[in-house]
2 protein chains.
Amino acid sequence: MELDDRKIIILKTIIKNYLETGEPVGSRTISKYSGLNLSSATIRNEMSDLEEMGYIIQPHTSAGRIPSDKGYRFYVDSIMEDSDRKVTEATELMVQRVDKLEMLLKQLVKLLAVDTNYAALISGPSLTENRIKYLQLSSPSRYKLLLILVLEGNIIKNEVISIEEDLDHETVMNLTILINNVISGLSLKEITPKMLTSLMVQSGEHSATAKSIIDAVADMIETDVESREIFTSGATNIFKYPELTDADKASKLISAFEEQDALKELVEEVSNISEDEGGSGLQVYLGGEGPVRNMQDCSLVTANYELGDGMRGVIGVIGPKRMDYEKVLDTMKNLISQLDKAYKRNDGDTR
Amino acid sequence: MELDDRKIIILKTIIKNYLETGEPVGSRTISKYSGLNLSSATIRNEMSDLEEMGYIIQPHTSAGRIPSDKGYRFYVDSIMEDSDRKVTEATELMVQRVDKLEMLLKQLVKLLAVDTNYAALISGPSLTENRIKYLQLSSPSRYKLLLILVLEGNIIKNEVISIEEDLDHETVMNLTILINNVISGLSLKEITPKMLTSLMVQSGEHSATAKSIIDAVADMIETDVESREIFTSGATNIFKYPELTDADKASKLISAFEEQDALKELVEEVSNISEDEGGSGLQVYLGGEGPVRNMQDCSLVTANYELGDGMRGVIGVIGPKRMDYEKVLDTMKNLISQLDKAYKRNDGDTR
DNA sequence: GTTAGCACTCTGATCTCTTGATTGCTAACA
DNA sequence: TGTTAGCAATCAAGAGATCAGAGTGCTAAC
């Protein structure tokens with residue numbers, strides 16, 4: 001059997017209707033709203049075909065039809081028009097004026113959640129390919145050392161570590177220079193253990209301290225790779241969709257958002273997948289597909305953003321399976337391009 | 001009518017039973033489990049009295065009784081024994097080894113949520129009375145300045161600002177010294193505008209830059225006061241309590257946790273109140289009392305912690321009205337004392 | 001290929017009935 | 001005077017029973 005134009009129109013009508021209402025769609029409704037001018041009986045015949053072909057499902061004998069996963073997939077991949085909606089001005093305004101990266105991401109994720117009415121997440125950029133500008137040391141109190149790592153894009157990481165000896169100001173300065181000679185200009189993942197051991201030798205009597213510092217820097221890098229921060233917003237939006245509202249599902253989903261662990265895995269997985277594919281990397285995971293396996297009734301839409309210099313991150317929206325995919329995809333495309341612009345405007349300066 | 005011993009025992013039995021089960025308690029149950037050896041008929045008479053006095057309520061004619069707010073209050077204030085439970089070893093272990101304040105707080109709040117099975121929150125310490133050790137400046141790229149503010153207790157704040165002129169290394173150093181002369185050793189709230197303007201005069205040709213720096217520092221302080229970070233955990237625990245599980249209530253509560261704004265107000269309010277009272281500042285807010293006014297079915301238990309040097313913060317637990325107050329109060333006392341110990345162990349060094 | 005008509009199915013809302021828990025009252029008892 | 005047994009009354013919650021509405025599939029006619 002073939003999927004002719006008429007069947008496609010009917011399928012589309014069913015899906016659109018179902019996305020809006022969440023109720024199974026009957027033949028009569030389609031007969032009225034598809035624009036085909038066919039009686040409900042004819043539609044019924046076609047629907048019977050569509051069901052046989054696996055695009056739609058009947059929850060029970062006397063109900064209308066709802067899209068199957070195959071149906072959704074077809075819709076997302078083939079039928080959906082990419083409308084070019086206007087950029088909401090709010091987005092543009094917002095992205096312009098925020099300069100602190102963390103703030104920017106927090107606001108963006110909130111915007112995304114509010115715009116779409118689903119749950120949104122955004123991962124901090126991966127910094128492993130990002131170069132070190134310099135490391136700054138100082139001693140806030142005896143036997144303590146404050147490390148400040150400045151990366152390209154003016155991203156700052158700091159940590160206080162304990163050391164064995166009590167260093168005077170001058171020694172701290174010297175160590176700073178020594179270490180910077182080795183590591184500045186490198187990307188985080190270019191720092192090798194060998195490099196670091198050679199450094200230890202150079203630092204002579206302070207080699208123990210140098211080792212501590214090196215370990216801490218390695219740790220900062222490690223931490224970044226393993227657990228980059230994830231910002232979320234709008235988890236409670238799921239209460240707007242009755243099919244996700246029962247205690248069990250809601251609790252699962254919101255726990256996932258609260259605990260972050262699951263989200264980290266998700267981000268990990270998504271960024272791996274989409275690196276292979278290149279491109280904008282917009283991805284739609286339906287129902288239990290891919291990273292959302294244990295959330296049967298949810299779908300996930302993801303995209304990658306890049307802030308130049310290899311600072312890549314992931315944006316995602318989680319909502320009910322019957323989410324407004326068009327709108328979500330649009331909003332995300334929009335956001336990414338804004339992010340791109342905003343970054344290019346702010347950066348491009350190196351010392 | 002007087003609240004004699006027998007009535008108190010009965011009231012206590014009712015409340016304990018209700019806290020466990022969440023079901024109204026009938027006369028027959030009490031007759032069996034109160035240890036009073038009275039028939040249900042006698043208990044009924046007493047219950048009738050207790051109801052008249054306002055300590056208990058009958059949800060409907062043929063149901064048992066549940067505690068009224070007055071009953072809860074009485075229980076919390078008067079009846080409850082403070083049991084001295086043992087410190088769970090987990091707590092002790094955990095508190096020992098974490099050195100980064102943020103990590104510590106995150107772990108503590110999680111522990112609190114897991115231990116109690118309610119939603120927990122903990123505010124970062126207020127830093128306004130905390131002294132500045134020093135300010136460190138450096139220039140990560142042209143027309144940018146990185147400010148690092150080191151406070152007592154080795155708390156680090158950083159910010160990158162844009163400036164008008166392109167400063168060389170030496171100038172940055174000089175400015176650093178100049179500013180540190182003025183502000184180091186002061187607490188955040190001791191920095192006055194006057195002080196800062198005098199500084200601007202001293203900095204001569206770089207006064208514009210000095211002003212930017214000053215503004216940024218003021219901003220960092222401001223930000224801290226207005227919006228100190230709040231860590232939360234266990235918001236989804238509320239799904240364990242059927243009376244909070246309906247979409248409406250759950251959504252409200254979890255939104256509050258997600259958006260933080262409401263929590264900030266709450267922390268604000270609580271820390272004001274309890275400063276007046278002094279002491280451990282353990283507080284129980286029932287039902288709609290105090291800061292939880294729009295959560296009719298929830299109770300809030302709060303406490304203050306202090307890490308020396310005026311670094312004060314708030315811990316809180318939100319759960320159903322019928323929460324296990326004893327356990328929660330115990331856990332919180334415990335946590336506060338652990339926090340105190342841990343801090344004393346780690347600190348005490350100034351340079 | 002399309003349509004009208006009709007019997008059939010299933011859900012969900014509504015109603016009734018029953019059960020069980022609990023009370024309040026009264027009268028008897030210590 | 002306080003305590004208790006007994007009993008009628010009340011109510012919520014659950015189990016069936018019933019009914020309307022929505023929708024389908026099939027058949028026969030156009």
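Numbered from 1 within each chain, the chains take letters A, B, ... in sequence-line order.
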Tabulate atom names and distances for all N/O pairs under 3.5 angstrom spanning the protein and nucleotides 14-20 of chain D.
none

Main-chain N/O of [Y] paired with [X] side-chain donor or acceptor, under 3.5 Å:
X: A:Y325; Y: A:K321; value: yes
X: A:S40; Y: A:S31; value: no
X: A:T13; Y: A:I9; value: yes

Closest non-hydrogen atom pair, A:P67 against A:Y18: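 Shortest heavy-atom separation between A:P67 and A:Y18 comes out as CD-CD2, 3.4 Å.
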Qualifying residues under side-chain contact (heavy atoms from CB on, under 4.5 Å), relative to B:P59, sequence neighbours excluded: B:P24, B:A63, B:I66
Set of side-chain contact (heavy atoms from CB on, under 4.5 Å) partners for A:E289, sequence neighbours left out: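 Per chain and number, A:E289 pairs via side-chain contact (heavy atoms from CB on, under 4.5 Å) with A:R73, A:Y285, A:L286.
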A:R322 bridged to A:E243 by N-O distance under 4.0 Å: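 Salt bridge present between A:R322 and A:E243.
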More than 12 heavy atoms from other groups under 6.0 Å of CG on B:N37: no
NZ (B:K252) with more than 12 external heavy atoms under 6.0 Å: no
Can you tell me how far [atom2] of [N] sits from [atom1] of [X], to the nearest Å?
X: A:I66; N: D:dT24; atom1: CD1; atom2: C1'; result: 16 Å
X: A:L38; N: D:dC30; atom1: CG; atom2: P; result: 20 Å
X: A:I43; N: C:dT3; atom1: CD1; atom2: C1'; result: 12 Å
X: B:I10; N: D:dT3; atom1: CD1; atom2: C1'; result: 13 Å
X: A:L50; N: D:dT24; atom1: CG; atom2: C1'; result: 15 Å
X: B:K7; N: D:dT3; atom1: NZ; atom2: C1'; result: 14 Å
X: A:I14; N: D:dG23; atom1: CD1; atom2: C1'; result: 13 Å
X: A:E23; N: D:dG21; atom1: CD; atom2: P; result: 17 Å

Passing candidate, salt bridge (Lys or Arg N to Asp or Glu O under 4.0 Å) with B:D49, options B:R65, B:K7, B:R44: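 For B:D49, the salt bridge (Lys or Arg N to Asp or Glu O under 4.0 Å) check succeeds only for B:K7.
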Residues that B:Y55 engages under ring pair (Phe, Tyr, Trp, His ring centres under 6.0 Å), provided they are two or more places apart: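 Testing B:Y55 for ring pair (Phe, Tyr, Trp, His ring centres under 6.0 Å), a comparison that skips the adjacent residues, returns B:F74.
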Using the 3.5 Å cut-off, write out each protein N or O paired with an N or O of nucleotides 20-27 of chain C and the distance between them.
from, atom 1, to, atom 2, distance (Å)
C:dT22, O4', B:S62, O, 3.4
C:dT23, OP1, B:S27, N, 3.2
C:dT23, OP2, B:S27, N, 3.2
C:dT23, OP2, B:S27, OG, 2.5
C:dG24, OP1, B:R65, NH2, 3.1
C:dG24, N7, B:R44, NE, 3.0
C:dG24, O6, B:R44, NH2, 3.1

Between the first and last five pairs of the helix from C:dG1-D:dC30 to C:dA30-D:dT1, the angle of the axes, rounded to 10 degrees: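 Here the helix ends are tilted 20° relative to one another.
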